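In what follows, every heavy atom counts, from backbone to side chain, and hydrogens, waters and symmetry copies are set aside. Everything numeric here is computed off the predicted structure, so don't read it as measured data.
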Amino acid sequence: MEKLYVSKEGLEKLKQELQEMNERRLVVANAIEHARSLGDLKENAEYHSAKEEQAMLHAKIKDVEDKIARATILEEQD
């Protein structure tokens, strides 16, 4: 596993981004549930749009989790 060198602030930004995406994931899940309640999924654009957003969001979450796992904080030099 290749290290990813980041500043302390950069790591905090990644963690914040991950938290925001996890919160967004709940919103998307609710949108999918709502779209399902509308009936026929084959012709339900709202459902397909929410599922597509969910897939992209999951990919981004995995990417950020990977970056956080590989992160090594660079020490500031005086």
(message) Please find the pair of heavy atoms, one from Val6 and one from Ala71, that lie closest to each other, and give the distance.
(response)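 That closest heavy-atom pairing would be CG2-CB, 4.0 Å.
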Reported [atom1]-to-[atom2] distance for the pair [X] and [Y], which is rounded to 0.5 angstrom:
{"X": "Lys8", "Y": "Glu75", "atom1": "NZ", "atom2": "CD", "value": "9.0 Å"}
{"X": "Ile73", "Y": "Lys3", "atom1": "CD1", "atom2": "NZ", "value": "12.5 Å"}
{"X": "Glu46", "Y": "Arg36", "atom1": "CD", "atom2": "CZ", "value": "13.0 Å"}
{"X": "Arg24", "Y": "Gln54", "atom1": "CZ", "atom2": "CD", "value": "11.0 Å"}
{"X": "Leu14", "Y": "Glu65", "atom1": "CG", "atom2": "CD", "value": "11.5 Å"}
{"X": "Asn22", "Y": "Leu57", "atom1": "CG", "atom2": "CG", "value": "8.0 Å"}

(message) Between Ser37 (side chain only) and His34 (backbone N and O only), is there a donor and an acceptor less than 3.5 Å apart?
(response)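 Looks like yes, one N/O pair under 3.5 Å.
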(request) Give the intermediate values and the outcome of side-chain hydrogen bond (donor to acceptor under 3.5 Å, both in side chains) for residues Gln16 and Glu20. (result) CA-CA 6 Å; Gln16 179 64 33; Glu20 290 170 4; 3.0 Å; yes
(request) Determine, for Glu17 against Lys60, whether the closest basic-nitrogen to carboxylate-oxygen distance falls under 4.0 angstrom. (result)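 Lys60 and Glu17: not salt-bridged.
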(message) Taking Lys62 first and then Asp66, would you say they form a salt bridge - that is, a charged N and a carboxylate O separated by under 4.0 Å?
(response)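 Not counted as a salt bridge, because no side-chain N and carboxylate O are separated by less than 4.0 Å.
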(request) Please check if Met56 and Met21 belong to a single hydrophobic cluster, counting links between Ile, Leu, Val, Met, Phe, Trp and Tyr side chain heavy atoms closer than 4.5 Å. (result)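 Different clusters: Met56 never reaches Met21 through Ile, Leu, Val, Met, Phe, Trp or Tyr contacts under 4.5 Å.
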(message) Please determine whether residues Ile68 and Leu74 belong to a single hydrophobic cluster, defined as Ile, Leu, Val, Met, Phe, Trp and Tyr linked transitively by side-chain heavy-atom distances below 4.5 Å.
(response)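 No; Leu74 is not reachable from Ile68 via cluster members.
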(request) Check whether any side-chain heavy atom of Arg25 lies under 4.5 Å from a side-chain heavy atom of Val28, and answer yes or no. (result)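 The answer is no, as the side chains (C-beta and beyond) never meet within the 4.5 Å cut-off.
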(message) Tell me whether the count of non-hydrogen atoms from other residues, nucleotides or ligands lying under 6.0 Å of CD in Glu33 goes above 12.
(response)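 It does: Glu33 CD has more than 12 such atoms within range.
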